[in-house]
Each structure stands twice: as C-alpha cells, then as structure tokens.
Amino acid sequence: MVPLIKGKSARESLEEQGLWDEYRGKFPFNPTRFDDQSLSVSSEQMTNDADLAYFGVISIGTPPQSFTVIFDTGSSNLWIPSIYCSSAACANHNKFNPGLSSTFKNAGKSLSIQYGTGSMTGFEGFDTVVVGGIPVKNQIFGLSQSEAPFMAHMKADGILGLAYPRLAASQATPVFDNMMTQHLVNKDMFSVYLTRNSEVGSMVTFGGVDPNHYYGQIAWIPLSSQMYWQITVDSVTVNGQIVACNGGCQAIVDTGTSNIVGPQADISSMARAVGAYSANGDNVVNCNSINNMPAMVFHIHGQAFTLPASTYVRQSTYYGCRTGLQSSNSDLWILGDIFIRQYYSIFSRAQNMVGLALAR
C-alpha cells in the first residue's frame, strides 16, 4: 500500500498567487493525451488541467533516493526530475542523481512526453524502484532534462503511470507490468481510494483490494479498450432525463485528472441541467444552492453511479463555487478524481476490468 497525500494542486497554487487566469490564457486545457495518433511516435500526450494533486512517495536507486509521484492511471511512464535538468520546474523538486546509485544503468534512449503546456524531455535508465515497500528490479524510468513551466507549480516531483504498456512512450515497460512479471503482487490488480476535503488516508493498494475503503458489492465493468482504463458509459442523466452520452460513449477512469471531462455539447448540457452557468471558462454555481442541486447519474454496464452536488462542486476561496465539469474537443470522456472519490476504483489487469464500489 502507498499512502497518498492530497497536496494543493497546481491550479490552487496559481489561484492563490492570482495567476490562474493568466496561466490558463497562455496554456489552454488541451486533453490531447487521448489522441491515438500519439502512439505512432515515442511521445505520450498528457492533459494540462493543472490539477494533478494526489501523490505518494517512492524511492529509486541503491542507496534509495526518495521522490513524490502522482499515481496516474491515465499514462504509462514513470519519470522523475534529474540533476541534469535546469528548468524552473526542476529547481523546486527533488532530483535523481544516477552517479549516487550503484544499481543504475543508462538505457541509452531519449524520452519525450508531450503536455498541453510543453513537454518533459530527457533520457531513460534502469534501476531498482521501491513502491509501497515492493522492490521492482531493473525498472525503466525517465530522467528529465527539461520540464514544462506548469510543473513548477506541481507539488509532486514526477509521475508514475499505471495504464497499459500500449500507451507508454518509447515502449517503456510500466512499473505495474514489472510487478506482475516479477511476481511481486498477490493478484494482478491495484486499487485506488481518494479521500475528500484534503483528509488523510488516500491510498493505492497494489495486489488487491482493501475492504475498509468501500461499502457493498463491487460492480465489475469490462474494458472496451486496453490502453487506458477505458469503459463504455451508457448514458448520463439528471432528474431522470438523459442529458449527455445519449446512445453510449467511451470514458477512461483516470486518477491523473481531477475533473469530469467530456465533449463540449454534452458538458454544456450537464451544466445547464444542474443549474450552472459559464464564466471565465468554468461552469459556476451559487454556493448557497449546492444543497438543492440535483445529482448526476452515470449509467455504466447496467448500473447507476450517482454523484451528488456535494461531490461535483468545488468551493474555492478565490473563485467561488464551480462544478468539476470540463469540456474538451475529444469524444473520449474522462472520469477523474471527482468520480473516484465517490467510487473506490479497482483496476484488474488479470480480468481487464475496472471494479467500482461506493467509497467509505
């Protein structure tokens, strides 16, 4: 198990400094990581929603050097800053020094991961990576030499991707795949529990599920594609009326995105249905009306997954109350942390399924 910390997101840090609107103008939301064309080149496109916020500690090397990483089910590479990086984003993060590790081997390959705000570029190496007390030997990982400016506002040092190998830049073997092939987990699955309101206790559990984190039965949903953790959503309703995803749509369960992201027309329809209005690119609501706002219901594989208003509205000291509904130019929906906080999420590589159960 890896305890996760809910830090301030990059977005919250920027809001506090009064820089969010300027930043968002320069680097508009661009969920291009969900574009399969990126697979033909050795780069993995990632979302810039500046809200990657749950992270835990891993160590790399002998003796171990410690780093905080976002456990991201929407990407597949592990990378951390290196001592060879001179970007502003590396100045305020821990940096790996390969010269201090007796088990490090240079892979002799470069790595480039494209972000909506720029890119992370560097090179790849092999070393022992310890995740939740599990030593993964000979794990390939990226060492950054340059990083996009928005990463300077990220609390975590790097990212540990937990999606399928097909998504990995430069054909790198993901950490969990090595855990499976090295027989380091009881079952070929991992589970994610995210707390609300910055409470402690968020957790990634490798090799099984933790019954203390959910109620009732687990609903098992077969994947529709094995690249992201992608499933079919049948429809989205508010007050019993279909407001989005009419006739079905594709969605990924993504711990590395904070919001629920969907096509613009659908997101606008959902926002209208719950009484939100558009302001500065956000779907805004009156803070006093949260208790009277309707729930959104995602119908998936014959079951209903309900998100009450208290789960999808975010109160900010600086920007009032906004829904976590975000539009994109992609048909692929993202069920991010808003959804995962409400539903304990189990990612089964053995069955190629996602399990969802009401979080405690």
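Note: hydrogens, waters and symmetry copies are ignored here, and every other heavy atom, side chains too, is used.
- The aromatic ring centres of Phe104 and Phe126 sit 6.0 Å or more apart.
- For the pairing with Ser101, the side chain to side chain donor-acceptor pair (under 3.5 Å) check across Thr128, Asp127, Thr62 returns one residue only, Asp127.
- Hydrophobic clustering keeps Ile140 apart from Ile80 (ILVMFWY residues linked when any side-chain heavy atoms are closer than 4.5 Å, directly or through intermediates).
- For the side chain to side chain donor-acceptor pair (under 3.5 Å) test with Thr121, the passing option among Ser110, Ser146, Ser112 is Ser146; the others fail.
- Using a 4.5 Å heavy-atom threshold, the side chains of Trp220 and Ile346 count as touching.
- No hydrogens or angles considered: nothing links the side chains of Asn292 and Ser289 as a donor-acceptor pair under 3.5 Å.
- Side-chain contact, Thr232 with Gln250: a donor N or O sits under 3.5 Å from an acceptor N or O.
- Side-chain polar atoms of Thr173 and Asn178 form no donor-acceptor pair below 3.5 angstrom.
- At a cut-off of 3.5 Å, with distance as the only test, no side-chain donor of Ser144 or Ser82 sits close to an acceptor on the other residue.
- Within 6.0 Å of CD in Gln182 there are more than 12 heavy atoms belonging to other residues, nucleotides or ligands.
- Figure legend: cation-pi geometry between Arg349 and Tyr164, with NZ or CZ positioned under 6.0 Å from the six-membered ring centre and within 45° of its axis.
- Between the side chains of Asp254 and Thr257, at least one donor N or O sits under 3.5 Å from an acceptor N or O.
- Around CD of Gln264, the count of heavy atoms belonging to other residues, nucleotides or ligands within 6.0 Å does not exceed 12.
- Only one option out of Trp79, Phe96, Phe67 pairs with Phe141 in a ring pair (Phe, Tyr, Trp, His ring centres under 6.0 Å); it is Phe96.
- Leu335 and Leu194 fall within a single hydrophobic cluster, where Ile, Leu, Val, Met, Phe, Trp and Tyr are joined by side-chain heavy atoms under 4.5 Å apart, directly or via other members.
- Using a 30° and 60° split on the angle between ring planes, Tyr344 and Tyr193 fall in the tilted class, from 30° to 60°.
- Ser170 and Glu124 form a side-chain donor-acceptor contact under 3.5 Å, judged by distance and modelled atom types alone.
- Taking a 6.0 Å sphere around NZ of Lys187, one finds it holds 12 or fewer heavy atoms contributed by other residues, nucleotides or ligands.
- Two residues are said to be in side-chain contact when any heavy atoms from C-beta on lie closer than 4.5 Å; Arg322 and Val313 fail this criterion.
- In this model, no donor atom of one side chain and acceptor atom of the other lie less than 3.5 Å apart for Ser59 and Ser66.
- Listed for the Thr181 side chain is a donor-acceptor partner under 3.5 Å among the backbone atoms of Asp177.
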